[in-house]
Each structure stands twice: as C-alpha cells, then as structure tokens.
Amino acid sequence: MPELPEVETVVRHIGPLVSGRSIEGFTAHWHKVTAPETAERFAAQVTGQRIETFVRRGKFILLQLEHGWVHIHLRMTGQLLVADNGQKSNAHIRASFDLSGMRSLLFKDTRKFGRIGYLNDLAILMDKLGPEPLESSFTPHQLANMLHGSRRQVKPLLLDQSFIAGLGNIYVDEALFRARIHPATAARAISTVKAHRLHRAIQEVLTESIRLKGTTFRSFRFGADQSGEFRQSLQIFGRMGEPCPNCGTKISKIRIAQRGTHFCGRCQRKIGAHNS
DNA sequence: TCGAATGTTGCGAA
DNA sequence: TTTCGCAACATTCG
C-alpha cells in the first residue's frame, strides 16, 4: 500500500506532468472525497490557482498553490492519474481536477479511504507529523532518544505518523527484521546500538524501495499502470512460513496492535540485547 | 456462501 | 500518556 516510497514514486512521476498548470475546475465523483470539507467549498478554494510545486511530506502529497496548499492522502488504494481530455475514463475515479492544457489530474480510489483537502497554512498538517526519515537532519542519535522516551512497543510506535512520518506496515516489518529487533520490544528497552542499527535499516529499506519505484503488493500502481519492483526485495513481509533469509527458520506472522506482523523468531528475539 | 482479512487514519473510550 | 476497538470501504481469500 502507499507508504513513503510509493508516495515518493507517485510524486516524482506526476509532478513534472502537472507543475505549472492551472486548476480550471474540480469535480467530486464521490461526495466524501473532500470530507470533512464540502466539494463545493474545496473547488472554490482551488479553482483558478496555479500549481507551483508538487511534493511529498510523510505519506501526504502536497500541491503548493499560489495561495495555500492541496493535500492528498492515498490511504490504502488511492492512485493519481494524469489524462489528456477526451481519454477514456477509468473505474473508481473519485475526483478530477481540470487543468490547463486540456489535461486532467484524476484521483482513483477503489476503497474510498483516500482524502483531498485544502489548507491556507501547512503548519496545521506539519505539526501532526514526526521527522522525515530520509532527511539528513534525522540522526541515529535522535532516533535513539525518541525510542528511549516511549513506553510503547516499537512496531506501533514506528507506525505512528506523529513519531516518524511515512512508515507503514510493510517497511516497519522490513526495517525491524533488518535491524534484528522483535516488533513487540518495548521501545525504551532498545539499546543505543540497536537504535542506530534501526535508523540505518529504515533509511536503507526506504532508499532502496524508492530506487525500485516502491512495492506493488496488492494494488499499488503509478503512471500508466506500472508496478513497483521492490516486492522482490522484501525479506520478511508477506513471507509467512517461508525460511528466514538470514537463518532459515520459518517466518512467523502474528498480530500486534491489530496489524499483521511478520518476523523471524530466531533473528528477532524480544528480550536480551545479546543477539546482534 | 459467507465471514475474515486486508491496511491507514482518526475517533472515542478505557 | 498509552492502548484498544471501531469505523470508514471494497475486494479477495479460505
């Protein structure tokens, strides 16, 4: 599903196609796509404005306008498509922006969880998000301090967008496996050495996935129905029962914080700091 | 046939 | 502060 690498892939693909164009109109094809705002009010706020930049923050796609910002969240099944006017329409289109130059930006979302909104001031959104894991300002030392300040289990903590922005179920499982940390470990019990290892694992797994244009596990697509290629590089996610690539032990799948969680019971021991 | 599982966020409640 | 369960949805799986 769209996590940081998938959203980054979408932004890199779509940005050049729409930046500099003007929004000439907006149509909601499903009444809640702009919730809690009404589609009419959203349309009034963005119509006539030029798209200055097209960027990502966490899992949000942000369109900087002349005045204010459009934010788009793909949630689970959202996709952005650019179509030339007159092109045949797709199923599950929930909203469309009419752009200058006879071109449209379409929001496709089978499960209807995705949302589009407008903000005058981006701070309202930014304040709810933790650090960007790939920014150089995000340091191993900082992550260690953050972990040591929490009593929560490490997996739900990493999924919390106010703790760190952009990670979802797939990359949390992958990063914890690569760092050899059990997903149910109390965050404050993670040694500084392991915290630094986790920092490296997070950056490596995200960077590598962006390079391969994300993970297509079920539905993620970008552009003209293209898939990401990182799925082949997944070491633990979706591999329950398969041998651990590190030690050969069967990969386990359990439920932590209501989320399917994959790990190796041998490589990722919950207690004890002796397994490196 | 049908209930369970899927996965992200936000909400209220414990 | 943190955890828990649910709701928002459609589709696929067993």
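Numbers restart at 1 for each chain; the letters A, B, ... are given by sequence-line order, proteins then strands. The basis for the numbers below is simple: all heavy atoms, side chains too, and nothing from hydrogens, waters or symmetry mates.
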Whole angstrom value for the distance that separates [atom2] of [N] from [atom1] of [X]:
X	N	atom1	atom2	result
A:Leu159	C:dC4	CG	C1'	15 Å
A:Gln79	C:dT11	CD	C1'	14 Å
A:Arg111	C:dT12	CZ	C1'	10 Å
A:Gln161	B:dG10	CD	C1'	12 Å

**OP:** Mind telling me whether A:Phe237 and A:His262 have parallel, tilted or perpendicular rings, with 30° and 60° as the class edges?
**Re:**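 If you compare the ring of A:His262 with that of A:Phe237, the planes turn out tilted.
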Original post:
So do the side chains of A:Arg56 and A:Leu62 get within less than 4.5 Å of each other, counting heavy atoms only?
Top reply: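 In short, these two side chains do not touch, never coming nearer than 4.5 Å.
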Original post:
Does the side chain of A:Gln49 come within less than 4.5 Å of A:Tyr118's, by heavy atoms?
Top reply: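 Yes. Closest side-chain heavy atoms under 4.5 Å.
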Subject >> Closest approach of A:His199 to A:Phe138 (non-hydrogen atoms, all atoms of both residues) >> reply: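 Taking A:His199 first and A:Phe138 second, the nearest heavy atoms are NE2-O, 2.9 Å.
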Original post:
Is the charged tip of A:Arg180 near the ring of A:Phe177: under 6.0 Å from the six-membered ring centre and within 45° of its axis?
Top reply: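 Positive - A:Arg180 is close enough to the ring of A:Phe177 and near enough to its axis.
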Original post:
Quick one: which of C:dT2, C:dA8, C:dA10 gets closest to the side chain of A:Arg75?
Top reply: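 Minimum distance to the A:Arg75 side chain belongs to C:dA8.
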**OP:** State which of C:dG5, C:dC9, B:dT9 makes the closest approach to the side chain of A:Trp30.
**Re:**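 Nucleotide nearest to A:Trp30's side chain: C:dC9.
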Original post:
Is it the case that A:Tyr171 and A:Asn169 place a side-chain donor and acceptor less than 3.5 Å from each other?
Top reply: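 Distance-only check fails for A:Tyr171 and A:Asn169.
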Subject >> Dot-bracket encoding per residue of DNA chain B, Watson-Crick/G-U cut-off under 3.5 Å, | denoting interstrand >> reply: .|||||.|||||||
**OP:** Determine the interatomic distance between P on B:dA5 and the same-named atom on C:dG5; round to the nearest Å.
**Re:**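 Those two atoms are separated by 14 Å.
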Subject >> Between C:dA7 and B:dG3 - P atom distance, rounded Å >> reply: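 My reading of the P atoms in B:dG3 and C:dA7 gives 16 Å.
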Original post:
At under 4.0 Å between heavy atoms, what does A:Arg152 touch on the DNA or RNA strands: base, sugar-phosphate, or nothing?
Top reply: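 Sugar-phosphate only.
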Original post:
Phosphate oxygens OP1/OP2 of B:dT9: is one of them under 4.0 Å from a side-chain N or O of A:Lys128?
Top reply: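 No, A:Lys128 has no side-chain N/O under 4.0 Å of OP1/OP2 on B:dT9.
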**OP:** Report yes if at least one side-chain N or O of A:Lys112 is closer than 4.0 Å to OP1 or OP2 of C:dA8; otherwise report no.
**Re:**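 No, A:Lys112 has no side-chain N/O under 4.0 Å of OP1/OP2 on C:dA8.
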**OP:** Would you give the length of the straight line joining atom CG of A:Leu234 to atom CG of A:Asp173, rounded to the nearest 0.5 angstrom?
**Re:**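 These two atoms lie 10.0 Å from each other.
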Subject >> For DNA chain C, the residues among residues 117-127 of chain A that have a non-hydrogen atom under 4.0 Å from it >> reply: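 Contacting residues: none.
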